[in-house]
> 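One structure follows; several queries about it will come next.
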Amino acid sequence: MTASTDITPVPERDRVPRYEPTEIEPHWQQRWDELGLYRTDLSDTSRPRYYLLTMYPYPSGDLHIGHWYICTPTDAIARFRRMNGDNVFFPIGFDAFGLPAENAAIKSGIHPAVWTMRNVENMRRQFRTMGATFDWDSEVVTCLPDYYRWNQWIFLRFLENDLAYRRMSAVDWCPKDQVVLAREQVEGADRVCWRCGTPVVKRDLEHWSFRITKYADELLDFTGIDWPEPIRQMQTNWIGRSEGAEVVFTTAPSDHHAGGEELRVFTTRPDTLFGATFMVLAPEHPLVASLTAPERRAEVEAYIEAARRRTEIERLSTSREKSGVSLGADAINPVNGERIPIWIADYVLSGYGTGAIMAVPAHDERDFEFAKVFGLPIVRVIAPEGAADDGIVAEAFVAHTPGERLVNSGPYSGMPADEGFRAIVTDLEARGQGTATVTYRLRDWLVSRQRPWGTPIPIIYCEADPSCGIVPVPDDQLPVLLPDDFRYSPEGGNPLEQTESFVRTTCPRCGGPGRRETDTMDTFVDSSWYWWRYLAPDKLDGPIDRALDDAWCPVDQYTGGAEHAVMHLLYSRFFAKALADLDIVTEREPFQRLFNQGQILGADGERMSKSRGNVQDPDELVSRYGADSVRLFLMFMGPWDQGGPWSPTGIEGVHRFLRRVWAVVLDPTGSESDGSTVDVADGERQVRVAAHRALQGVTEDHAGFRWNTIVAKLMELTNTLMRFRGTPVAGTSGWDEATDLLLLMLAPEAPHIAEELWARRLEAAGEPWRSIHTQAWPAFDPALVVAETIELPVQINGKLRDLVPMAPGLPQDEIEQLVMARPKVQANLEGMSVVKVVHVGGRLVNIVVRPAS
RNA sequence: GCGGGAGUGGUGGAACGGCAGACACGCCAGCCUUAGGAGCUGGUGCCGCGAGGCGUGGGGGUUCGAGUCCCCCCUCCCGCACCA
């Protein structure tokens with residue numbers, strides 16, 4: 001009371017609170033949640049629908065920065081679409097079956113279900129800190145029976161419609177642990193089991209498969225969907241359609257072999273049939289054993305054994321020297337009756353085509369190399385126009401050229417290659433020795449997994465009556481539940497096999513004893529239809545609500561990692577087509593528009609994984625800088641489809657930016673000005689122009705998800721506002737307009753700070769609160785974005801020489817007059833004669849000159 | 001190896017075939033502050049005192065003009081069918 005004069009009055013502007021993201025962010029997250037701002041009314045048809053889907057995560061335990069990189073820009077899309085008037089549905093869930101839970105179970109004895117659900121709990125909590133607008137009411141968790149029973153239901157429908165079937169397939173097998181190994185569980189160049197170091201072998205097992213190849217041609221057709229070209233190309237190459245012919249060779253009789261067996265080969269070049277100088281079978285080909293001459297048996301068997309240890313990637317490598325073994329038997333070429341030797345080689349795969357090829361070394365690079373290594377004959381049968389046929393073939397002639405003709409091809413010699421192709425196939429067909437055929441590289445989808453943590457395949461093997469055989473579990477007995485008591489035994493194998501309570505059952509057909517199928521489904525089955533389940537996660541009488549499917553699908557926008565370019569995205573397309581044929585859904589393509597963002601790698605440039613110890617924990621960044629800064633930083637890093645190594649350098653920059661936004665909005669009169677006087681009207685115009693130009697750019701950038709340039713434009717606008725902060729411009733309505741636009745533009749990307757500042761401005765203006773996230777996206781004023789004067793770049797011979805200020809839109813002759821009058825231009829034209837002057841739409845002038853003679 | 005993508009300052013990156021380096025990080029200088037891992041102002045591709053020259057992984061080409069289009073090569077990333 002007495003010493004009041006000693007107290008320095010606190011200046012007005014010091015009362016502006018600091019930007020404390022950790023205080024405002026949880027507040028708004030809670031508020032949005034309470035208001036149900038992002039719970040989507042799926043029955044609302046008054047607004048255009050926008051189904052925004054992002055690839056659901058595996059519940060590994062903790063969210064890492066990669067999840068933020070996928071989810072937070074996607075959330076910005078959701079918020080932007082809402083501001084543009086759409087009814088946005090943006091769900092999330094968990095891809096909850098998979099290997100890591102099994103590994104944890106083996107290591108610590110925790111049941112995979114317990115481990116998984118604990119992780120789900122934790123990740124739900126972490127997801128909330130993103131400030132993302134997920135509709136949690138629609139969540140699905142695929143390891144829960146409510147979800148996986150419908151995998152089983154769909155499997156049974158596939159089975160009924162011949163889309164699911166059993167076949168033999170080779171898998172990587174650890175002989176010691178008695179388990180099938182995933183590719184990532186096979187380590188090193190010597191291919192040993194990750195757990196025990198035992199060399200891995202290939203083993204043939206009976207497997208369930210889905211008949212995706214039935215849809216191969218339809219999957220090649222991307223009409224009507226808006227997908228990135230590289231992804232379409234990768235899928236197209238993966239499907240690998242090739243047109244050609246299946247040609248029937250016959251085995252020739254020999255001492256050890258009676259002959260007369262059919263040997264079918266697939267070739268894309270039946271026109272080269274006369275150039276086939278040997279034949280190559282895959283080492284796994286069923287006729288190998290009977291064709292092998294006794295004296296060659298030891299060598300052949302050793303080669304087969306070696307091939308079975310190789311990966312497909314190795315076998316197809318073109319950099320490896322070709323290897324192979326002759327069987328000591330011949331085949332007869334159906335076009336000319338010639339005998340050619342039969343070899344086996346690992347570059348021929350049993351799963352592609354017929355597992356056998358006719359080798360035409362003159363016209364196939366691999367066959368050419370093989371022939372060189374083993375000294376086999378090379379006969380040219382296609383000659384480019386005008387080529388001298390000297391009989392020497394220096395390299396395989398593969399490319400098609402106009403005017404190429406068949407040579408050395410009996411009656412077909414002289415024909416153009418494409419005509420020869422057709423003639424040979426027609427003649428073979430007439431004699432029953434060949435047919436025109438289309439082959440695909442795509443193989444049917446092997447869905448069986450010999451693992452305990454997946455959807456049980458709903459099949460029972462009857463042990464009482466052989467006529468029952470393989471019996472599907474009736475729908476009313478679904479779900480086939482996973483046992484909650486299985487144990488990993490030290491002997492290995494699939495624990496389900498050892499769980500009597502699971503395996504022992506009764507045959508649904510005869511009531512006798514039966515064994516359950518212990519294979520579970522590939523987790524890609526779960527992820528091939530989950531977006532439909534989001535629409536009705538609690539539906540009890542079927543997997544998919546048809547009315548909601550019709551109202552909301554296909555998904556308008558799908559976002560997720562490019563590492564899923566082929567498999568997940570192809571399987572999902574297959575499901576849409578198969579389910580449409582079964583009349584379960586309507587649309588045949590699941591995702592209208594696709595965007596694949598890049599991957600965030602560890603600081604070491606390697607894929608982030610716990611085992612590498614290069615995982616970036618976002619929680620730490622959030623507690624230090626706030627979610628908005630982390631979101632903005634991830635968006636600012638670079639193009640979204642690029643990804644890159646993680647480096648926190650630079651997060652300070654976006655954080656500083658948000659602090660400047662805070663200061664500019666809450667404290668526009670703060671005295672950071674340099675004191676020079678400004679023209680208020682001009683300044684007001686400048687901030688309005690800056691705001692509307694930013695708005696134009698930001699709106700455009702949103703269409704292409706160019707977050708980095710959006711953030712840069714908002715920074716530029718803020719920098720402009722900073723220049724006028726503390727000047728009378730800050731009190732004008734133009735300033736207010738610019739700050740409002742800044743906040744509205746910032747709202748999708750940095751939702752908390754935008755909401756907080758918006759609320760404070762409303763409060764200061766005495767208006768009732770309304771969320772910035774329900775405001776309409778503003779429209780820019782076209783009159784403000786056109787330039788009043790321009791500086792026209794002038795080039796001489798393509799090199800920049802001058803910038804000429806002028807009004808925009810002048811006619812070419814006036815521009816030329818102004819340009820030619822410039823001293824710099826004159827100086828550069830000294831001793832030159834002008835060849836021509838190129839005008840580029842009033843944006844640039846290039847004067848082409850050469851030395852005057 | 002095959003298929004797809006990417007290489008731009010010290011760093012992340014920007015740039016309808018038309019002013020290379022926007023916007024940031026970092027660094028340098030100055031200001032402000034009792035203080036700063038705070039804030040503000042200015043500078044910053046390389047060579048050169050300068051005029052100017054050189055510059056987008058390397059080499060060729062198309063074009064009045066190329067980071068951008070075409071061909072060859074190098075490096076890195078993603079996928080290759082049981083990781084998800």
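Lettering follows sequence order; numbering is per chain, from 1. From a predicted model like this one, the values you see are computed outputs, not experimental measurements.
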> Cation-pi check for A:Phe97 against A:Arg449: NZ or CZ below 6.0 Å from the six-membered ring centre and within 45 degrees of the axis, yes or no?
no
> Side chains of A:Tyr69 and A:Gln599: any donor to acceptor distance under 3.5 Å?
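Absent: no donor and acceptor within the cut-off.
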> What is the distance, to the nearest angstrom, from the CG atom on A:Leu569 to the C1' atom on B:G4?
14 Å
> Can a side chain N or O of A:Arg320 be found less than 4.0 Å away from OP1 or OP2 on B:G1?
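For A:Arg320, the contact criterion (side-chain N or O under 4.0 Å from OP1 or OP2 of B:G1) is not met.
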> Using only heavy-atom distances, decide whether a donor-acceptor pair under 3.5 angstrom links the side-chain of A:Gln450 to the base of B:C82.
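When only heavy-atom distances are counted, A:Gln450 does reach the base of B:C82 through a donor-acceptor pair under 3.5 Å.
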> Can you tell me which residue among A:Lys202, A:Arg315, A:Arg308 is in a salt bridge (charged side-chain N to carboxylate O under 4.0 Å, His left out) with A:Glu284?
A:Arg315
> Looking at A:Lys824 and A:Glu830, is any side-chain nitrogen of the basic one under 4.0 Å from a carboxylate oxygen of the acidic one?
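Between A:Lys824 and A:Glu830 there is no salt bridge, as every charged N stays at least 4.0 Å from the carboxylate O atoms.
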> Is B:G9 in the syn range, within 90° of 0, or in the anti range?
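Because its glycosidic torsion lies within 90° of 0, B:G9 adopts the syn conformation.
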> Find out whether the Lys NZ or Arg CZ of A:Arg573 is both under 6.0 angstrom from the six-membered ring centre of A:Trp227 and within 45° of the ring's axis.
yes
> Less than 4.0 Å between a side-chain N and a carboxylate O, is that true for A:Arg320 and A:Asp346?
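Looking at A:Arg320 together with A:Asp346, the answer is yes, because their closest N to O distance falls below 4.0 Å.
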> Using a 6.0 Å distance limit plus a 45 degree cone around the ring axis, check whether A:Arg441 lies over the aromatic ring of A:Trp238.
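Yes.
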> Any carboxylate oxygen within less than 4.0 angstrom of a Lys/Arg side-chain nitrogen, looking at A:Glu791 and A:Arg822?
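No, no charged N to carboxylate O under 4.0 Å.
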> Tell me, please, whether A:Trp208 has A:Arg166 positioned over its six-membered ring: NZ or CZ under 6.0 Å from the ring centre and within 45 degrees of its axis?
yes
> Closest to the A:Arg659 side chain: B:G39, B:C78, B:C82?
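Selected nucleotide (nearest to the side chain): B:G39.
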> For A:Arg310 and B:G1, what is the distance between atoms CZ and P respectively, to the nearest whole Å?
16 Å
> Rounded to whole angstrom units, what separation is found between the CD atom of A:Gln233 and the P atom of B:G5?
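Distance check: A:Gln233 CD to B:G5 P gives 6 Å.
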> Can you build the contact string for nucleotides 19-25 of chain B? Use B for base contact, S for sugar-phosphate-only contact, and - for no protein heavy atom under 4.0 Å.
B--BBSS
> Quick one: label A:Phe657 by what it contacts on the DNA or RNA (base, sugar-phosphate, nothing), any heavy atom closer than 4.0 Å.
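No contact.
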> Expressed as a whole number of angstroms, how long is the span from A:Met567:CE to B:C83:P?
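About 8 Å, once rounded to whole Å.
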> Remember a base hit wins even if backbone is also touched, and classify A:Pro639 as base, sugar-phosphate or nothing at under 4.0 Å, heavy atoms.
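It contacts sugar-phosphate atoms only.
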> Have a look at A:Val840 and say if it touches a base, only the backbone sugar-phosphate, or nothing, with a 4.0 Å heavy-atom cut-off.
base
> Give the rounded distance in Å between these two atoms: CZ of A:Arg706 and C1' of B:G13.
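Atom-to-atom, A:Arg706 to B:G13, this comes out as 15 Å.
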> Are A:Met745 and A:Lys713 packed together at the side-chain level, in the sense that at least one heavy-atom pair is separated by less than 4.5 angstrom?
no
> Could you tell me if A:Trp529 and A:Asn151 have a donor-acceptor pair between their side chains, going purely by distance under 3.5 Å?
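Per modelled atom types, A:Asn151 and A:Trp529 side chains form a pair under 3.5 Å.
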> Would you mind building the protein contact string for nucleotides 46-53 of chain B? One character per nucleotide, 5' to 3', B for base within reach (heavy atoms under 4.0 Å), S for sugar-phosphate only, - for untouched.
-------S
> If we take the C1' atom in both B:C49 and B:C31, what is their distance in whole Å?
30 Å
> Taking the side chain of A:His564 as heavy atoms from C-beta outward, which of B:G4, B:C64, B:A84 is closest to it?
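Nearest listed nucleotide: B:A84.
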> Is a salt bridge present between A:Asp667 and A:Arg725, judged by a nitrogen-to-oxygen distance below 4.0 Å?
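Yes, charged N to carboxylate O under 4.0 Å.
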> Counting the atoms with a prime plus P, OP1 and OP2 as sugar-phosphate, which does A:Leu442 contact under 4.0 Å by heavy atoms, base, sugar-phosphate, or nothing?
base
> Any idea which of B:C64, B:G79, B:C77 is nearest the A:Glu563 side chain?
B:G79
> Using a 4.0 Å heavy-atom cut-off across all strands, classify A:Ile313 as base, sugar-phosphate, or nothing.
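The residue A:Ile313 makes base contact.
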> Check this for me, if you would: do A:Asp172 and A:Arg191 make a salt bridge, where the nitrogen-to-carboxylate-oxygen distance has to be below 4.0 angstrom?
yes
> If you assign A:Ser317 and A:Pro230 each to the RNA chain B nucleotide with the nearest heavy atom, which residue ends up on the more 5' nucleotide?
A:Ser317
> Using a 4.0 Å heavy-atom cut-off, does A:His207 contact any base of the nucleic acid, only the sugar-phosphate backbone, or nothing at all?
base
> Say you pick atom P in B:G61 and the same atom in B:G45; how far apart are they, in whole Å?
31 Å
> Between C1' on B:C78 and OH on A:Tyr69, what's the gap in Å once rounded to a whole number?
14 Å
> For nucleotides B:C23 and B:U44, find the distance between their C1' atoms and express it as a whole number of Å.
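Pairwise C1' distance, B:C23 against B:U44, rounds to 15 Å.
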> C1' atom, B:C72 versus B:C78: distance in rounded Å?
24 Å
> If you measure only the distance, is there a donor-acceptor pair under 3.5 Å linking the side chains of A:Ser629 and A:Tyr19?
no
> One thing to verify: whether A:Glu229 and A:Arg232 come together as a salt bridge, which I'm taking to mean a side-chain N less than 4.0 angstrom from a carboxylate O.
yes
> State whether the distance check finds a donor on one side and an acceptor on the other, under 3.5 Å, for side chain A:Arg183 versus base B:C80.
no
> What is the distance, rounded to the nearest whole Å, between atom OH of A:Tyr440 and atom C1' of B:C80?
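Taking atom C1' of B:C80 as the reference, OH of A:Tyr440 is at 21 Å.
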> By nearest atom, which of the nucleotides B:C82, B:C83, B:A81 is closest to the A:Arg451 side chain?
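Among the listed nucleotides, the one closest to the side chain of A:Arg451 is B:C82.
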> Looking at A:Gln642, I'd like to know whether one of its side-chain N or O atoms comes within less than 4.0 Å of OP1 or OP2 on B:G13.
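Result: yes.
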> When the P atoms of B:G37 and B:A29 are compared, how many Å lie between them, rounded to an integer?
16 Å
> Distance check, P atoms only: B:G17 and B:C70, in whole angstrom units.
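The answer is 12 Å between these two P atoms.
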> Report which part of the nucleic acid A:Trp238 touches: base, sugar-phosphate, or nothing (heavy-atom distance under 4.0 Å, all strands).
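Base contact - A:Trp238 has a heavy atom under 4.0 Å of at least one base atom.
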> Remember a base hit wins even if backbone is also touched, and classify A:Ser527 as base, sugar-phosphate or nothing at under 4.0 Å, heavy atoms.
nothing
> B:C54 and B:G3: how far apart are their C1' atoms, nearest whole angstrom?
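It works out to 38 Å between them.
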> Between B:G53 and B:U63, how far is it from one P atom to the other, in whole Å?
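25 Å, rounded to whole Å.
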> Under a 3.5 Å cutoff on both atom distances, Watson-Crick or G-U, what's the dot-bracket for RNA chain B ([ ] crossing, | other strand)?
(((((((..(((.....[....)))((((((.......))))))(((....)))..(((((..]....))))))))))))....
> From CG of A:Leu634 over to P of B:G12, roughly how many Å is that when rounded to an integer?
17 Å
